[in-house]
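Keep in mind that what you see is a predicted model, and the values were worked out from it rather than measured. Here is the naming used below: chain letters follow the sequence lines, and residue numbers restart at 1 for every chain. Just so you know, these numbers use all the heavy atoms, side chains as well, and skip hydrogens, waters and symmetry mates.
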Amino acid sequence: MEIIENKETRPLDFIRQIIADDLQTGKHQGTVTRFPPEPNGFLHIGHAKSICLNFGIAEENHGRCNLRFDDTNPSKEDVAYVESIQKDVQWLGFDWGEKVLYASDYFPQLHAYAVELIQIGKAYVCQLLPDEIRQYRGTLTEPGKESPYRNRSVAENLQLFEQMKNGEFEEGTHVLRAKIDMASPNLNMRDPVIYRILKAHHHRTGATWKIYPMYDYTHCLSDMLEGITHSLCTLEFQDHRPLYDWVLDTLNTPCHPRQIEFARLNLTYTVMSKRKLLKMVEGRYVEGWDDPRMLTISGLRRRGYTPASIRNFARTIGIGKSESRIDMGVLENEIRNDLNLRADRRMCVLDPVKVIIDNYPEGLIEEMVGKNHPQDPAMGERMLPFSKELYIERDDFMENPSKKYHRLGPGREVRLRYGYLIQYVSHVTDETTGKITEIHCTYDPETKSGSAPDGRKVKGTIHWVSAEKGLPVTVRLYDRLFKVEDPEADKAVDFLEQLNPMSRVIISGAVAEPSLAALQPGETVQFERQGYFCADPLESKIGRPVLNRTVTLRDSWESKGQL
RNA sequence: UGGGGCGUCGCCAAGCGGUAAGGCACCGGGUUUUGAUCCCGGCAUCCGUAGGUUCGAAUCCUGCCGCCCCAGCCA
């Protein structure tokens with residue numbers, strides 16, 4: 001039986017709409033898109049949006065999406081980045097086919113096209129200094145002035161360009177410019193530089209080239225050479241589209257991809273620019289590009305986000321042209337949805353306080369059975385050792401609880417999850433610190449595994465760990481990196497001053513149920529009543545887990561201010 | 001005050017001349033040995049604003065207002 005693809009009935013975004021139209025009218029037989037990162041930094045959640053768009057379109061139309069490194073500026077780029085980028089795209093679950101592509105693969109062709117531009121009188125070598133070029137460009141409201149080098153002969157331009165290529169000139173002394181219109185209201189069209197001299201070592205072509213093509217010139221031609229049908233980029237390139245089109249039209253190329261722009265992703269409680277992320281890394285405000293608080297793909301991976309959650313997130317937020325700032329809660333919601341289905345349940349006490357069950361036999365250890373998932377029996381069960389001395393969460397006991405609080409307190413009875421019902425007897429407080437050191441209870445032997453034969457109702461169920469059999473674990477509670485929704489809103493305040501000092505709280509006294517000893521690095525579990533925690537892929541070891549909190553559980557008690 | 005864009009519920013986002021989808025958030029209620037999950041219900045007489053065209057407009061036209069982007073030999 002043929003499996004019919006479950007096409008969602010949700011409306012197409014404006015880009016997919018354009019593509020559907022192009023396919024329908026026969027303008028294109030299929031789609032070819034591309035994801036073109038510059039290898040000068042790590043990919044972040046904003047890139048993931050673009051990746052999901054471009055590769056998603058390829059999947060939906062049985063088309064192709066190229067991974068192409070836009071490596072035209074050797075002074076900023078590095079192989080380390082090309083490796084991390086490939087890993088991240090792959091991890092997200094996308095496939096770029098045969099091989100990775102590089103703009104630098106096209107340097108010879110790009111050069112030949114530049115020569116052609118010179119030959120048809122559409123490009124010239126300019127010897128204005130960088131500063132002079134800026135002055136000649138004019139301003140937003142005044143037209144620019146033509147360069148004195150603008151009307152050199154074709155022969156002279158060819159000669160000079162060849163000399164640039166041969167490394168005969170110093171950086172900054174000569175550039176190749178497109179001859180368009182110095183009076184254009186679009187500054188990008190005022191004879192843009194298309195080649196500059198750069199004597200840096202290129203990560204792939206080494207010292208072969210002394211001149212490198214600029215983005216605007218490179219991108220459209222690379223798209224064309226790959227037969228890209230739809231070239232998707234962010235809004236700030238809208239003003240560059242006329243230049244994209246000019247190059248392809250002027251060179252009369254065999255195909256002409258359509259550039260379409262969409263709004264980049266912004267999220268609340270974080271910053272997205274590579275520059276700012278780099279500043280946090282270099283200033284040691286975070287541990288590195290893959291710090292679990294970073295919204296980089298590698299940071300999210302370490303935090304415990306799954307590829308599915310990120311792809312669902314991209315689908316949920318959609319594609320549009322209006323600048324937006326998505327609520328971080330939307331991302332968090334996606335990872336909860338995903339992990340809720342697949343994470344095993346476990347118990348871990350983060351801030352332990354000792355409970356002594358006075359009437360429980362000394363030395364007895366009982367094995368209780370816990371479900372790995374409350375709704376999915378197929379996920380199995382595990383054993384939980386129960387003993388006279390236990391730890392419970394300090395939060396789960398109150399000396400003077402309100403009526404709405406249904407955990408442990410004087411006179412209260414609560415259920416220990418998968419354990420017994422226990423009844424409060426007394427508690428001991430340290431005189432000097434004022435902290436509660438132990439709570440005495442009695443248990444009802446008739447209530448093993450948590451239900452009372454007499455049918456009496458117990459409102460609260462709390463988690464616990466055997467004091468004797470518990471496993472000490474290191475837990476890091478991660479929270480949003482910034483304390484304000486938009487760290488960049490106030491121009492007078494440096495975004496670094498808005499960092500959330502509580503974005504990482506390291507807990508060393510936590511105790512988990514013994515099954516946590518088997519946790520594999522990278523594996524994620526739910527600590528019941530608390531949240532999802534991922535064994536750090538780098539620092540966690542079998543038997544000695546280090547857990548990163550991915551996200552808390554939704555909590556309608558805390559969030560309602562515990563009325 | 002040059003050019004290019006954008007303005008639909010708190011946050012996203014459908015809508016493409018026929019009388020406001022969906023998600024998140026929020027608010028009720030139910031189930032529940034996670035105050036989780038799940039389930040049910042509520043949530044824009046109104047689409048930046050003022051006019052105009054039309055039997056009829058968020059959708060077409062005009063003016064106005066607000067916000068974003070552009071003066072790298074960065075991408």
Side-chain angles (χ1 to χ4, degrees), chain A residues 9-13 17 36-38 40 70-73 75-77 126 128-130 133-135 137-144 171-177 184-190 192-198 211-212 214-216 218-219 233-242 261 263 268 274 315-334 336-337 340-341 345 347 371 373-375 404-407 415-419 421 449-451 458-463 485 526-531 552-560 562:
Chain A
T9 52
R10 48 187 282 128
L12 300 178
D13 57 66
Q17 186 64 254
E38 182 186 15
N40 69 341
D70 225 331
D71 55 349
T72 57
N73 187 352
S75 64
K76 290 187 175 178
E77 297 151 9
C126 182
L128 250 23
L129 267 11
I133 287 187
R134 193 179 322 122
Q135 282 161 21
R137 187 153 31 225
T139 68
L140 295 178
T141 51
E142 302 160 63
E171 288 185 13
T173 61
H174 297 65
V175 291
L176 184 69
R177 294 228 250 168
S184 171
N186 181 343
L187 303 237
N188 294 117
M189 299 298 270
R190 321 244 260 227
V193 170
I194 58 177
Y195 262 95
R196 78 292 211 185
I197 298 168
L198 239 37
I211 54 173
Y212 291 88
M214 298 284 289
Y215 167 83
D216 286 308
T218 306
H219 206 85
C233 61
T234 43
L235 253 28
E236 65 271 28
F237 290 101
Q238 286 175 121
D239 291 341
H240 296 242
R241 190 177 352 117
E261 310 86 9
T268 56
K274 275 189 196 172
R315 188 172 41 76
T316 299
I317 60 175
I319 297 292
K321 292 188 75 164
S322 54
E323 310 241 356
S324 60
R325 184 173 289 274
I326 309 289
D327 194 312
M328 182 69 86
V330 178
L331 212 210
E332 293 170 343
N333 184 58
E334 291 301 341
R336 284 193 190 102
N337 285 164
N340 176 45
L341 262 26
R345 270 53 174 176
M347 292 201 284
K371 296 176 186 168
H373 190 110
Q375 283 86 33
K404 294 250 186 156
Y405 180 90
H406 43 252
R407 281 114 92 165
R415 170 164 38 238
L416 294 175
R417 172 137 246 227
Y418 301 127
L421 261 38
S449 85
S451 45
V458 175
K459 256 192 286 182
T461 299
I462 64 176
H463 56 97
E485 279 202 5
Q526 181 198 95
F527 285 160
E528 296 210 22
R529 307 210 300 133
Q530 302 191 118
T552 61
L553 251 32
R554 192 182 278 115
D555 186 348
S556 57
W557 168 249
E558 289 280 345
S559 65
K560 276 183 188 169
Q562 308 179 13

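With sequence neighbours left out, the side-chain hydrogen bond (donor to acceptor under 3.5 Å, both in side chains) criterion links A:H240 to A:D216. Qualifying side-chain hydrogen bond (donor to acceptor under 3.5 Å, both in side chains) partners for A:R137, counting only residues two or more places apart in sequence or in other chains: none. For the salt bridge (Lys or Arg N to Asp or Glu O under 4.0 Å) test, no residue two or more places apart in sequence or in another chain qualifies with A:R196. Listed by chain and residue number, nothing satisfies the side-chain contact (heavy atoms from CB on, under 4.5 Å) test with A:P130 (two or more places apart in sequence, or in another chain). Looking at residues two or more places apart in sequence or on another chain, you find a side-chain contact (heavy atoms from CB on, under 4.5 Å) between A:S324 and A:I326. The side-chain hydrogen bond (donor to acceptor under 3.5 Å, both in side chains) test applied to A:D70 returns A:H219, not counting sequence neighbours. In terms of the side-chain hydrogen bond (donor to acceptor under 3.5 Å, both in side chains) criterion, A:T552 has no residue partners (sequence neighbours excluded).
Nucleotide B:G22 is matched to B:C12 when pairs are restricted to Watson-Crick or G-U wobble geometry with both distances under 3.5 angstrom. Under the Watson-Crick and G-U wobble criteria, each requiring two contacts below 3.5 Å, nucleotide B:U31 is left unpaired.
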Notebook entry, point to check: Which parts of nucleotides 10-16 of chain B does protein reach within less than 4.0 Å, heavy atoms only, written one letter per nucleotide 5' to 3' as B for base, S for sugar-phosphate only and - for none?
Noted result: -SSSS--

Notebook entry, point to check: For nucleotides 34-42 of chain B, read 5' to 3', which letter fits each nucleotide if B means a protein heavy atom sits under 4.0 Å from the base, S means only the sugar-phosphate is that close, and - means neither?
Noted result: BBBB-----

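A:H219 comes within contact range of no nucleotide atom at all, as no heavy-atom separation falls under 4.0 Å. No engagement by A:I211 is indicated, since no non-hydrogen atom pair under 4.0 Å with the nucleic acid exists. Counting non-hydrogen atoms under 4.0 angstrom, A:M347 reaches nothing in the nucleic acid. Nucleic acid contact for A:D239: base, since at least one base atom lies under 4.0 Å from a heavy atom of the residue. Across all strands, A:V175 comes closer than 4.0 Å to base atoms (heavy-atom distances).
Spacing between B:C67 and B:G48 at atom C1', rounded to whole Å, works out to 11 Å.
Salt bridge A:E485/A:R325: absent, no basic N to carboxylate O contact under 4.0 Å.
Contact check, A:R134 against B:G72: a side-chain N or O comes under 4.0 Å of OP1 or OP2.
To the nearest angstrom, C1' of B:G72 lies 14 Å from CG of A:N40.
Nearest to the side-chain atoms of A:R137 among the listed nucleotides B:C74, B:C70, B:G72 stands B:G72.
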